[in-house]
Amino acid sequence: MTPQARVQAAIEILDAVIAAARAKGAPADRLFTEWFRTRRFAGSSDRRAVRAIVYDAIRACGDIPASGRAAVLRLAQDDPAVAILFDGSRHAPAPIAADDPVASAGVAPVWLEQALTASGLDRPEQRALLDRAPLDIRINGLKAALAELPEPGEPTLAPSARRFPPGTPVEQWQAYLAGAIEVQDAGSQLVCAAVGARPGEAVVDLCAGAGGKTLALAAAMDNRGTLLACDADRARLSRLPPRAERAGVTIATTRLLDGGREAAALADWAGRADAVLVDAPCSGTGTWRRNPEARWRLDERELARLTVLQARLLDVAAALVRPGGRLIHVVCSLLDAEGADQVSGFLARHPGWRAAPLALGAGRPRGDGVRLTPYHDGTDGFFVARLERL
(Lines give C-alpha, C1' and ligand atoms only; values in the text may rest on other atoms or scores of the structure.)
Protein backbone atom coordinates (compact mmCIF):
# COMPACT_ATOMS: atom_id res chain seq x y z
CA MET A 1 0.00 0.00 0.00
CA THR A 2 1.18 3.52 -0.74
CA PRO A 3 1.28 6.05 2.11
CA GLN A 4 -1.75 7.71 0.53
CA ALA A 5 -3.65 4.40 0.45
CA ARG A 6 -2.83 3.80 4.09
CA VAL A 7 -4.40 7.14 5.03
CA GLN A 8 -7.51 6.31 2.99
CA ALA A 9 -7.72 2.91 4.70
CA ALA A 10 -7.50 4.60 8.10
CA ILE A 11 -10.33 6.96 7.11
CA GLU A 12 -12.55 4.03 6.11
CA ILE A 13 -11.82 2.13 9.34
CA LEU A 14 -12.47 5.27 11.38
CA ASP A 15 -15.83 5.69 9.67
CA ALA A 16 -16.73 2.21 10.97
CA VAL A 17 -15.34 2.97 14.44
CA ILE A 18 -17.36 6.21 14.67
CA ALA A 19 -20.57 4.49 13.55
CA ALA A 20 -20.00 1.69 16.07
CA ALA A 21 -19.31 4.16 18.87
CA ARG A 22 -22.60 5.94 18.19
CA ALA A 23 -24.51 2.63 18.04
CA LYS A 24 -22.59 0.97 20.94
CA GLY A 25 -21.38 -1.60 18.42
CA ALA A 26 -18.16 -3.55 17.91
CA PRO A 27 -14.89 -2.23 19.40
CA ALA A 28 -12.22 -0.63 17.23
CA ASP A 29 -9.85 -3.59 17.38
CA ARG A 30 -12.47 -5.93 15.95
CA LEU A 31 -13.43 -3.49 13.20
CA PHE A 32 -9.76 -3.07 12.30
CA THR A 33 -9.32 -6.85 12.00
CA GLU A 34 -12.49 -7.25 9.94
CA TRP A 35 -11.44 -4.52 7.49
CA PHE A 36 -8.12 -6.19 6.76
CA ARG A 37 -9.57 -9.71 6.62
CA THR A 38 -11.08 -8.91 3.21
CA ARG A 39 -8.00 -7.07 1.94
CA ARG A 40 -5.32 -9.72 1.70
CA PHE A 41 -3.09 -7.48 -0.40
CA ALA A 42 -2.11 -5.55 2.72
CA GLY A 43 1.05 -6.72 4.44
CA SER A 44 1.98 -6.61 8.11
CA SER A 45 3.79 -3.29 7.68
CA ASP A 46 0.63 -1.84 6.09
CA ARG A 47 -1.49 -3.02 9.00
CA ARG A 48 0.91 -1.51 11.55
CA ALA A 49 1.01 1.81 9.71
CA VAL A 50 -2.77 2.02 9.29
CA ARG A 51 -3.33 1.01 12.90
CA ALA A 52 -1.03 3.80 14.06
CA ILE A 53 -2.96 6.38 12.03
CA VAL A 54 -6.32 5.07 13.30
CA TYR A 55 -5.35 5.18 16.97
CA ASP A 56 -3.45 8.46 16.69
CA ALA A 57 -6.62 9.99 15.22
CA ILE A 58 -8.84 8.49 17.92
CA ARG A 59 -6.58 9.88 20.63
CA ALA A 60 -6.40 13.30 18.96
CA CYS A 61 -10.16 13.91 18.83
CA GLY A 62 -12.09 14.98 21.90
CA ASP A 63 -15.71 14.84 20.78
CA ILE A 64 -16.79 12.06 18.46
CA PRO A 65 -15.84 13.19 14.93
CA ALA A 66 -18.30 13.74 12.11
CA SER A 67 -16.39 11.25 9.95
CA GLY A 68 -13.16 9.35 9.57
CA ARG A 69 -11.91 12.03 7.22
CA ALA A 70 -12.58 14.73 9.82
CA ALA A 71 -10.64 12.65 12.37
CA VAL A 72 -7.56 12.26 10.17
CA LEU A 73 -7.76 15.93 9.19
CA ARG A 74 -7.35 16.63 12.91
CA LEU A 75 -3.95 14.93 12.64
CA ALA A 76 -3.18 16.72 9.36
CA GLN A 77 -3.61 20.11 11.00
CA ASP A 78 -0.62 19.39 13.22
CA ASP A 79 1.39 17.16 10.88
CA PRO A 80 2.26 18.37 7.35
CA ALA A 81 3.48 14.86 6.50
CA VAL A 82 -0.11 13.63 6.86
CA ALA A 83 -1.66 16.64 5.12
CA ILE A 84 0.43 16.16 1.98
CA LEU A 85 -0.98 12.66 1.49
CA PHE A 86 -4.45 14.10 0.76
CA ASP A 87 -3.47 14.50 -2.89
CA GLY A 88 -6.35 12.89 -4.80
CA SER A 89 -4.09 10.34 -6.50
CA ARG A 90 -5.16 6.71 -7.02
CA HIS A 91 -6.30 5.18 -3.70
CA ALA A 92 -5.59 8.47 -1.92
CA PRO A 93 -8.05 10.73 -0.07
CA ALA A 94 -9.32 13.76 -1.95
CA PRO A 95 -7.37 17.00 -1.56
CA ILE A 96 -8.15 19.07 1.52
CA ALA A 97 -10.77 21.74 0.88
CA ALA A 98 -11.15 24.97 2.83
CA ASP A 99 -14.59 23.94 4.08
CA ASP A 100 -13.67 20.38 5.09
CA PRO A 101 -14.99 19.59 8.59
CA VAL A 102 -12.15 18.98 11.05
CA ALA A 103 -12.72 17.10 14.30
CA SER A 104 -12.18 19.01 17.52
CA ALA A 105 -9.13 18.27 19.66
CA GLY A 106 -9.39 17.34 23.30
CA VAL A 107 -9.05 14.64 25.89
CA ALA A 108 -12.74 13.72 25.77
CA PRO A 109 -16.17 15.17 25.00
CA VAL A 110 -16.62 18.47 26.83
CA TRP A 111 -19.05 17.17 29.47
CA LEU A 112 -16.65 14.35 30.30
CA GLU A 113 -13.62 16.64 30.54
CA GLN A 114 -15.63 18.76 32.96
CA ALA A 115 -16.48 15.68 35.03
CA LEU A 116 -12.80 14.68 35.18
CA THR A 117 -11.84 18.19 36.26
CA ALA A 118 -14.53 18.17 38.94
CA SER A 119 -13.08 14.84 40.11
CA GLY A 120 -9.72 16.48 40.75
CA LEU A 121 -7.80 15.62 37.57
CA ASP A 122 -5.78 18.48 36.10
CA ARG A 123 -4.78 18.72 32.43
CA PRO A 124 -1.56 16.66 32.67
CA GLU A 125 -3.47 13.92 34.49
CA GLN A 126 -6.18 13.96 31.84
CA ARG A 127 -3.78 13.93 28.90
CA ALA A 128 -1.93 10.94 30.36
CA LEU A 129 -5.16 8.92 30.08
CA LEU A 130 -4.50 8.75 26.33
CA ASP A 131 -0.87 7.62 26.44
CA ARG A 132 -0.11 4.20 25.01
CA ALA A 133 -0.17 1.58 27.77
CA PRO A 134 2.74 -0.78 28.44
CA LEU A 135 2.25 -4.52 28.81
CA ASP A 136 2.35 -5.81 32.39
CA ILE A 137 2.41 -9.40 33.57
CA ARG A 138 1.76 -10.99 36.95
CA ILE A 139 4.04 -13.77 38.09
CA ASN A 140 1.75 -16.51 39.38
CA GLY A 141 2.84 -17.40 42.90
CA LEU A 142 1.35 -20.88 42.50
CA LYS A 143 3.79 -21.64 39.68
CA ALA A 144 6.56 -19.13 40.31
CA ALA A 145 9.23 -21.82 39.88
CA LEU A 146 8.23 -22.07 36.21
CA ALA A 147 8.34 -18.31 35.57
CA GLU A 148 11.60 -18.20 33.64
CA LEU A 149 11.24 -15.29 31.24
CA PRO A 150 13.13 -14.76 27.98
CA GLU A 151 13.30 -11.06 28.88
CA PRO A 152 13.61 -9.74 32.46
CA GLY A 153 11.13 -6.89 32.15
CA GLU A 154 11.03 -3.91 34.47
CA PRO A 155 9.78 -3.99 38.07
CA THR A 156 6.70 -1.94 38.92
CA LEU A 157 4.94 -0.79 42.06
CA ALA A 158 3.22 -4.19 42.23
CA PRO A 159 5.66 -6.76 43.65
CA SER A 160 4.63 -9.61 41.33
CA ALA A 161 4.47 -7.47 38.19
CA ARG A 162 6.96 -7.07 35.37
CA ARG A 163 6.58 -4.50 32.60
CA PHE A 164 7.37 -4.90 28.90
CA PRO A 165 6.93 -2.74 25.78
CA PRO A 166 3.53 -2.84 24.06
CA GLY A 167 3.25 -5.74 21.66
CA THR A 168 5.70 -8.03 23.47
CA PRO A 169 4.53 -11.57 22.52
CA VAL A 170 4.29 -12.87 26.08
CA GLU A 171 1.43 -15.23 25.21
CA GLN A 172 3.91 -17.22 23.11
CA TRP A 173 6.35 -17.66 25.98
CA GLN A 174 6.65 -21.01 27.70
CA ALA A 175 6.06 -19.37 31.08
CA TYR A 176 2.66 -18.18 29.83
CA LEU A 177 1.74 -21.54 28.31
CA ALA A 178 2.68 -23.19 31.61
CA GLY A 179 0.43 -20.80 33.57
CA ALA A 180 3.34 -19.20 35.43
CA ILE A 181 2.47 -15.69 34.22
CA GLU A 182 -0.72 -13.81 33.37
CA VAL A 183 -1.20 -10.55 31.50
CA GLN A 184 -2.49 -8.08 34.09
CA ASP A 185 -1.94 -4.36 34.57
CA ALA A 186 0.13 -3.47 37.63
CA GLY A 187 -2.73 -1.30 38.93
CA SER A 188 -5.11 -4.24 38.70
CA GLN A 189 -2.62 -6.27 40.74
CA LEU A 190 -2.42 -3.57 43.39
CA VAL A 191 -6.19 -3.37 43.83
CA CYS A 192 -6.29 -7.17 44.16
CA ALA A 193 -3.79 -6.82 47.00
CA ALA A 194 -6.24 -4.39 48.66
CA VAL A 195 -8.57 -7.35 49.25
CA GLY A 196 -6.01 -8.79 51.67
CA ALA A 197 -7.10 -12.33 50.79
CA ARG A 198 -5.42 -14.91 53.03
CA PRO A 199 -5.11 -18.72 52.95
CA GLY A 200 -8.16 -20.46 54.39
CA GLU A 201 -10.57 -17.55 53.89
CA ALA A 202 -13.94 -17.53 52.15
CA VAL A 203 -13.81 -14.92 49.39
CA VAL A 204 -16.31 -13.83 46.73
CA ASP A 205 -15.35 -12.11 43.47
CA LEU A 206 -18.79 -10.73 42.70
CA CYS A 207 -18.11 -9.31 39.21
CA ALA A 208 -15.40 -11.72 38.10
CA GLY A 209 -15.73 -11.39 34.33
CA ALA A 210 -13.13 -13.66 32.73
CA GLY A 211 -11.39 -14.07 36.07
CA GLY A 212 -8.13 -12.10 35.97
CA LYS A 213 -8.57 -10.87 39.54
CA THR A 214 -9.94 -14.26 40.65
CA LEU A 215 -6.66 -15.90 39.66
CA ALA A 216 -4.68 -13.26 41.54
CA LEU A 217 -6.82 -13.82 44.65
CA ALA A 218 -6.29 -17.58 44.45
CA ALA A 219 -2.54 -17.07 44.33
CA ALA A 220 -2.70 -14.74 47.35
CA MET A 221 -4.67 -17.47 49.17
CA ASP A 222 -2.05 -20.07 48.22
CA ASN A 223 -4.85 -22.23 46.81
CA ARG A 224 -6.32 -22.73 50.29
CA GLY A 225 -9.81 -21.69 51.25
CA THR A 226 -13.01 -21.04 49.28
CA LEU A 227 -13.18 -18.69 46.32
CA LEU A 228 -16.44 -18.03 44.48
CA ALA A 229 -16.32 -16.20 41.14
CA CYS A 230 -19.61 -14.76 39.93
CA ASP A 231 -20.80 -12.83 36.92
CA ALA A 232 -23.95 -12.23 34.89
CA ASP A 233 -22.09 -12.59 31.58
CA ARG A 234 -22.05 -16.28 30.65
CA ALA A 235 -19.52 -15.90 27.82
CA ARG A 236 -16.97 -14.05 29.94
CA LEU A 237 -17.36 -16.30 32.97
CA SER A 238 -16.94 -19.42 30.82
CA ARG A 239 -13.37 -18.32 30.10
CA LEU A 240 -12.39 -18.66 33.76
CA PRO A 241 -12.28 -22.47 34.24
CA PRO A 242 -9.69 -23.10 31.49
CA ARG A 243 -7.63 -20.14 32.71
CA ALA A 244 -7.79 -21.47 36.27
CA GLU A 245 -6.68 -24.93 35.13
CA ARG A 246 -3.69 -23.49 33.29
CA ALA A 247 -2.77 -21.36 36.33
CA GLY A 248 -3.02 -24.31 38.73
CA VAL A 249 -5.94 -22.74 40.62
CA THR A 250 -8.06 -25.40 42.33
CA ILE A 251 -10.13 -23.41 44.85
CA ALA A 252 -12.15 -21.26 42.45
CA THR A 253 -15.71 -22.19 41.54
CA THR A 254 -17.99 -20.18 39.26
CA ARG A 255 -21.61 -19.15 39.59
CA LEU A 256 -23.61 -17.50 36.81
CA LEU A 257 -25.88 -14.76 38.14
CA ASP A 258 -29.12 -13.37 36.77
CA GLY A 259 -28.81 -9.60 36.61
CA GLY A 260 -31.14 -8.03 39.16
CA ARG A 261 -31.57 -11.29 41.11
CA GLU A 262 -28.07 -11.67 42.50
CA ALA A 263 -29.16 -11.68 46.15
CA ALA A 264 -31.42 -14.70 45.68
CA ALA A 265 -28.71 -16.61 43.81
CA LEU A 266 -26.24 -15.95 46.64
CA ALA A 267 -28.56 -16.58 49.59
CA ASP A 268 -26.37 -19.48 50.74
CA TRP A 269 -23.48 -17.04 51.17
CA ALA A 270 -25.34 -14.53 53.35
CA GLY A 271 -23.08 -13.41 56.21
CA ARG A 272 -20.38 -15.98 55.37
CA ALA A 273 -17.70 -14.19 53.37
CA ASP A 274 -14.48 -12.95 54.91
CA ALA A 275 -14.08 -10.67 51.90
CA VAL A 276 -16.11 -9.68 48.86
CA LEU A 277 -14.51 -7.96 45.89
CA VAL A 278 -16.85 -5.79 43.82
CA ASP A 279 -14.98 -4.90 40.64
CA ALA A 280 -18.09 -3.20 39.39
CA PRO A 281 -19.09 -2.45 35.80
CA CYS A 282 -18.05 1.14 35.19
CA SER A 283 -17.31 3.83 32.63
CA GLY A 284 -13.75 2.58 32.08
CA THR A 285 -12.28 6.09 32.12
CA GLY A 286 -9.14 4.59 33.65
CA THR A 287 -8.58 2.28 30.68
CA TRP A 288 -8.55 4.82 27.83
CA ARG A 289 -4.87 4.10 27.20
CA ARG A 290 -6.02 0.70 25.92
CA ASN A 291 -9.47 1.62 24.58
CA PRO A 292 -9.38 5.29 23.58
CA GLU A 293 -12.62 5.12 21.58
CA ALA A 294 -14.47 4.29 24.82
CA ARG A 295 -14.61 8.07 25.44
CA TRP A 296 -17.01 8.34 22.54
CA ARG A 297 -19.30 5.58 23.80
CA LEU A 298 -19.99 7.10 27.20
CA ASP A 299 -22.75 9.63 27.79
CA GLU A 300 -24.36 11.07 30.90
CA ARG A 301 -27.30 8.69 30.70
CA GLU A 302 -24.99 5.66 30.60
CA LEU A 303 -22.93 7.00 33.48
CA ALA A 304 -26.09 7.44 35.55
CA ARG A 305 -27.12 3.86 34.75
CA LEU A 306 -23.73 2.55 35.83
CA THR A 307 -23.72 4.40 39.14
CA VAL A 308 -27.14 2.96 40.00
CA LEU A 309 -25.88 -0.53 39.14
CA GLN A 310 -22.74 -0.07 41.22
CA ALA A 311 -24.74 1.00 44.28
CA ARG A 312 -27.03 -2.01 43.94
CA LEU A 313 -24.11 -4.43 43.64
CA LEU A 314 -22.47 -2.94 46.74
CA ASP A 315 -25.70 -3.53 48.64
CA VAL A 316 -25.80 -7.14 47.41
CA ALA A 317 -22.18 -7.63 48.44
CA ALA A 318 -22.74 -6.15 51.91
CA ALA A 319 -25.24 -8.91 52.73
CA LEU A 320 -22.60 -11.56 52.03
CA VAL A 321 -19.96 -10.25 54.43
CA ARG A 322 -19.65 -11.70 57.93
CA PRO A 323 -19.28 -9.38 60.96
CA GLY A 324 -15.68 -8.21 60.96
CA GLY A 325 -15.33 -9.00 57.27
CA ARG A 326 -14.53 -6.62 54.47
CA LEU A 327 -15.94 -5.37 51.18
CA ILE A 328 -13.61 -3.97 48.52
CA HIS A 329 -15.07 -1.56 45.97
CA VAL A 330 -13.03 -1.22 42.79
CA VAL A 331 -13.73 0.65 39.56
CA CYS A 332 -11.37 1.27 36.64
CA SER A 333 -12.70 4.81 36.61
CA LEU A 334 -11.40 8.17 37.78
CA LEU A 335 -14.80 9.81 38.14
CA ASP A 336 -15.88 10.57 41.70
CA ALA A 337 -19.43 9.52 40.83
CA GLU A 338 -18.18 5.95 40.57
CA GLY A 339 -15.53 6.08 43.26
CA ALA A 340 -15.46 8.40 46.27
CA ASP A 341 -19.13 9.38 45.94
CA GLN A 342 -20.17 5.74 45.61
CA VAL A 343 -18.40 4.89 48.88
CA SER A 344 -19.89 7.83 50.78
CA GLY A 345 -23.34 6.80 49.52
CA PHE A 346 -22.77 3.24 50.71
CA LEU A 347 -21.70 4.36 54.17
CA ALA A 348 -24.78 6.57 54.43
CA ARG A 349 -27.01 3.58 53.61
CA HIS A 350 -25.15 1.13 55.87
CA PRO A 351 -24.44 2.58 59.31
CA GLY A 352 -22.89 -0.71 60.52
CA TRP A 353 -19.88 -0.21 58.26
CA ARG A 354 -16.74 1.92 58.20
CA ALA A 355 -14.03 2.78 55.69
CA ALA A 356 -10.71 1.14 56.53
CA PRO A 357 -7.30 2.64 55.72
CA LEU A 358 -5.44 1.28 52.68
CA ALA A 359 -1.69 1.13 52.17
CA LEU A 360 -1.03 0.06 48.59
CA GLY A 361 2.42 1.55 48.26
CA ALA A 362 1.01 3.60 45.38
CA GLY A 363 -1.82 5.98 44.58
CA ARG A 364 -3.19 8.93 46.49
CA PRO A 365 -6.14 9.31 48.84
CA ARG A 366 -9.46 10.22 47.29
CA GLY A 367 -12.41 10.40 49.65
CA ASP A 368 -12.44 7.21 51.71
CA GLY A 369 -10.32 5.32 49.18
CA VAL A 370 -7.21 5.43 47.05
CA ARG A 371 -6.91 6.45 43.42
CA LEU A 372 -4.28 5.22 40.95
CA THR A 373 -3.66 7.16 37.73
CA PRO A 374 -1.48 6.70 34.64
CA TYR A 375 0.22 10.06 35.22
CA HIS A 376 1.06 9.57 38.90
CA ASP A 377 1.48 5.80 39.17
CA GLY A 378 2.12 4.54 35.63
CA THR A 379 -0.84 2.18 35.87
CA ASP A 380 -4.34 2.10 34.47
CA GLY A 381 -6.69 4.35 36.39
CA PHE A 382 -8.44 2.81 39.41
CA PHE A 383 -10.35 3.77 42.51
CA VAL A 384 -10.34 1.28 45.39
CA ALA A 385 -11.82 1.42 48.88
CA ARG A 386 -11.93 -1.16 51.65
CA LEU A 387 -15.05 -1.18 53.81
CA GLU A 388 -15.37 -3.19 57.05
CA ARG A 389 -18.49 -4.56 58.65
CA LEU A 390 -18.59 -3.75 62.35
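Numbers for residues simply follow the sequence, beginning at 1.
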Between Glu151 and Thr168, is a side-chain hydrogen bond (donor to acceptor under 3.5 Å, both in side chains) present by the stated rule, with each step listed?
CA-CA 10 Å; Glu151 302 174 29; Thr168 303; 5.0 Å; no
Backbone of Leu130 reached by a side-chain donor or acceptor of Arg59 within 3.5 Å:
yes
Quick one: does Trp296's side chain have a donor or acceptor within less than 3.5 Å of a partner on Ala108's backbone?
no
Step through the shown structure and confirm whether more than 12 heavy atoms of other residues, nucleotides or ligands are within 6.0 Å of CD on Glu245.
no
Among Arg246, Gln189, Arg138, whose side-chain hydrogen bond (donor to acceptor under 3.5 Å, both in side chains) with Glu182 holds?
Arg246
Whether Glu293 side chain and Pro27 backbone form a donor-acceptor pair below 3.5 Å:
no
Side-chain touch Leu313/Pro281, heavy atoms, less than 4.5 angstrom
yes
Under 4.0 Å between a side-chain nitrogen and a carboxylate oxygen: does that hold for Arg297 and Glu302?
no
Begin from the C-alpha positions of Ser119 and Leu334 and carry the test side-chain contact (heavy atoms from CB on, under 4.5 Å) through to its verdict.
CA-CA 7 Å; Ser119 297; Leu334 300 175; over 6 Å; no
Backbone of Arg163 reached by a side-chain donor or acceptor of Asp136 within 3.5 Å
no
Please answer: with hydrophobic residues joined when any side-chain heavy atoms are less than 4.5 Å apart, are Val191 and Met221 in the same cluster?
yes
Tell me if a side-chain donor or acceptor on Arg69 pairs with a main-chain N or O of Ile11 at a distance below 3.5 Å.
no
If you apply the rule side-chain contact (heavy atoms from CB on, under 4.5 Å), what do you find for Val107 with Arg123, and how did you get there?
CA-CA 9 Å; Val107 172; Arg123 294 303 292 175; 3.8 Å; yes
Side-chain (Arg326) to main-chain (Asp274) donor-acceptor, under 3.5 angstrom
yes
Is the shortest side-chain N to carboxylate O distance from Glu388 to Arg354 below 4.0 Å?
yes
Electrostatic pair Lys213:Asp205 at N-O distance under 4.0 angstrom
no
Looking at Glu201 and Ala275, would you say the former's side chain and the latter's main chain have a donor-acceptor pair under 3.5 Å?
no
Any ion pair linking Asp299 and Arg301 (charged N to carboxylate O, less than 4.0 Å)?
no
Would you say the side-chain atoms of Asp63 pair up with the backbone N or O of Ser104, donor to acceptor, closer than 3.5 Å?
no
Run the side-chain hydrogen bond (donor to acceptor under 3.5 Å, both in side chains) test on Glu113 and Gln126 for me, step by step, so that the C-alpha distance in whole Å, both residues' side-chain angles and the decisive distance to 0.1 Å come before the verdict.
CA-CA 8 Å; Glu113 285 191 6; Gln126 292 183 31; over 6 Å; no
Looking at Arg290 and Asp185, is any side-chain nitrogen of the basic one under 4.0 Å from a carboxylate oxygen of the acidic one?
yes
With distance as the sole test, does Ser333 use its side chain to make a donor-acceptor pair with the main-chain N or O of Leu335 at under 3.5 Å?
yes
Are Val370 and Val278 linked, directly or through intermediate hydrophobic residues, by side-chain heavy-atom contacts shorter than 4.5 Å (ILVMFWY only)?
no
When you look at Leu14 and Ile53, which way does the side-chain contact (heavy atoms from CB on, under 4.5 Å) test go after all the steps?
CA-CA 10 Å; Leu14 282 162; Ile53 297 169; 5.5 Å; no
For Leu256, does the CG atom sit with more than 12 other heavy atoms under 6.0 Å from it, leaving out its own atoms?
yes
Should the pair Arg47 and Phe32 be classed as cation-pi, given the thresholds of under 6.0 Å to the six-membered ring centre and 45° from the axis?
no
Taking 4.0 angstrom as the limit, do Arg371 and Glu125 come out as a salt bridge?
no
